[in-house]
Trainee: 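For reference, the structure I am asking about is given below.
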Amino acid sequence: MSRVLVGVKRVIDYAVKIRVKPDHSGVVTDGVKHSMNPFCEIAVEEAVKLKEKKLIKEVVAVSCGPTQVTETIRTALAMGCDRGIHVEVSGKDYEAMGPLQISKIFAALAKKEEASLIILGKQAIDDDCNQTGQMTAALLDWPQGTFASEVTIDGEKVKVVREIDGGLETIKISMPAVLTADLRLNTPRYATLPNIMKAKKKKIANMKPADLGVDMVSRVEVLRVDEPPTRLAGVKVETVDDLVAKLRANGTI
Amino acid sequence: MHISELLLFYIISYCMLNHLLYFLSFSSIPVVKAATVSGSDMANPLRSEVRQLYKNLLFLGREYPKGADYFSERLKSAFMKNKDVTDPKEIRKLVDRGEFVIKELEALYYLRKYRAMKKRYYEEELSTMLNIG
């Protein structure tokens, strides 16, 4: 029986109104409510479900970042993961951290922990990269089942139903493999207070990227962050003639 | 997923946000008075249950759309409204109703998040938006 690594990312809560910093270097994160990425919640739920069906033995929740990410790992533990791994990244390294560094970390961890499955969310709601799963699979030379809306383990193979533009695609890939969770994969359970209390007994291991032999140097530099252009207010007209006149003045007709 | 989403939507739509809390206060979850020593043996395990229920609801209320303060105010008054209930059967019924509200809140939170994600990441066909076809 096998071990599953689940990646969880601490992001700004989906319901928060995002504000851009005055210097346009990024978004305001200080004092803003953070929570687990919704797609990561779905990934955790799938891993825990597989464990409850006794198809896998252990679920390990992994997150990279400063000390605050341990809250996110605790939520994953409260949802049913067995233990957590906190890869400590802070300061400039954390700001520059992207899918490439994360996938290198996951590749190293997968080998170290002898995982047979890595389940990630399909993308994070803050950067919307949709790259980490694919890069991790490439680095490990493992097959990938991305945008999974249904996962079935069948011996040493995994049947994945993927959500693609044309509809649904069913593929069969062999383990070990990387899966990324799409919205309709499952309904994540809520991490209730009693579960969070019970999860306090579970262990979270601490390590640095250097321990895994990963260099955190970024090849990407953020030049500027801007808000999307504000929608112009609409104009109300009284009669059809007014409408025609306005359209003519606008050059539309 | 689609059918159950529709079901959930009909059961817990946005206008239920207020109704949920009205329901909670109307159901009057009891608070067993600390002074009740002469009460039956039943009161003691129920007291810890009621306290745990209150804590769980308070924890859940942090994410309430109208604000955590709004929620905790109404939660407290709902509990205080029936602090004098002593019949264990009554208390049990009301605690069960509290558990029901917990489930409703979890479903509400999930549905909000699901619909927000769906709106942001998936193109909605006009027919679906207009609820036709």
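Within every chain, numbering begins at 1; the chains are lettered A, B, ... in the order of the sequence lines, protein sequences first and strands thereafter. Heavy atoms only: backbone and side chains are in, while hydrogens, waters and symmetry mates are out.
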Trainee: Other residues, nucleotides and ligands only: do more than 12 of their heavy atoms fall within 6.0 Å of NZ on A:Lys33?
Mentor: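 Yes - once you tally the heavy atoms of other residues, nucleotides and ligands closer than 6.0 Å, there are more than 12.
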
Trainee: Distance-only criterion, 3.5 Å: show the donor-acceptor pairs between side-chain atoms of residues 159-166 of chain A and protein atoms not counting sequence neighbours.
Mentor:
from, atom 1, to, atom 2, distance (Å)
A:Arg162, NE, A:Thr146, O, 2.9
A:Arg162, NH1, A:Glu169, OE1, 2.6
A:Arg162, NH2, A:Thr146, OG1, 2.9
A:Glu163, OE1, A:Arg184, NH2, 3.4
A:Glu163, OE2, A:Arg184, NE, 3.1

Trainee: Which region of A:Ile125, side chain (C-beta onward) or backbone (N, CA, C, O), has a non-hydrogen atom less than 4.5 Å from a non-hydrogen atom of chain B, or is it both or neither?
Mentor: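 For A:Ile125, heavy atoms of backbone and side chain both lie under 4.5 Å from chain B.
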
Trainee: Is the closest side-chain heavy-atom distance between A:Met197 and A:Leu193 below 4.5 Å?
Mentor: yes

Trainee: Side chain, backbone, both or neither: which part of A:Asp13 has a non-hydrogen atom closer than 4.5 Å to chain B?
Mentor: neither

Trainee: Would you mind reporting whether A:Ile153 and A:Leu117 have side-chain heavy atoms less than 4.5 Å apart?
Mentor: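 Touching, per the 4.5 Å side-chain cut-off.
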
Trainee: Can you tell me which of B:Arg120, B:Lys113, B:Met117, B:Glu106 forms the most heavy-atom pairs within a distance under 4.5 Å of chain A?
Mentor: B:Lys113

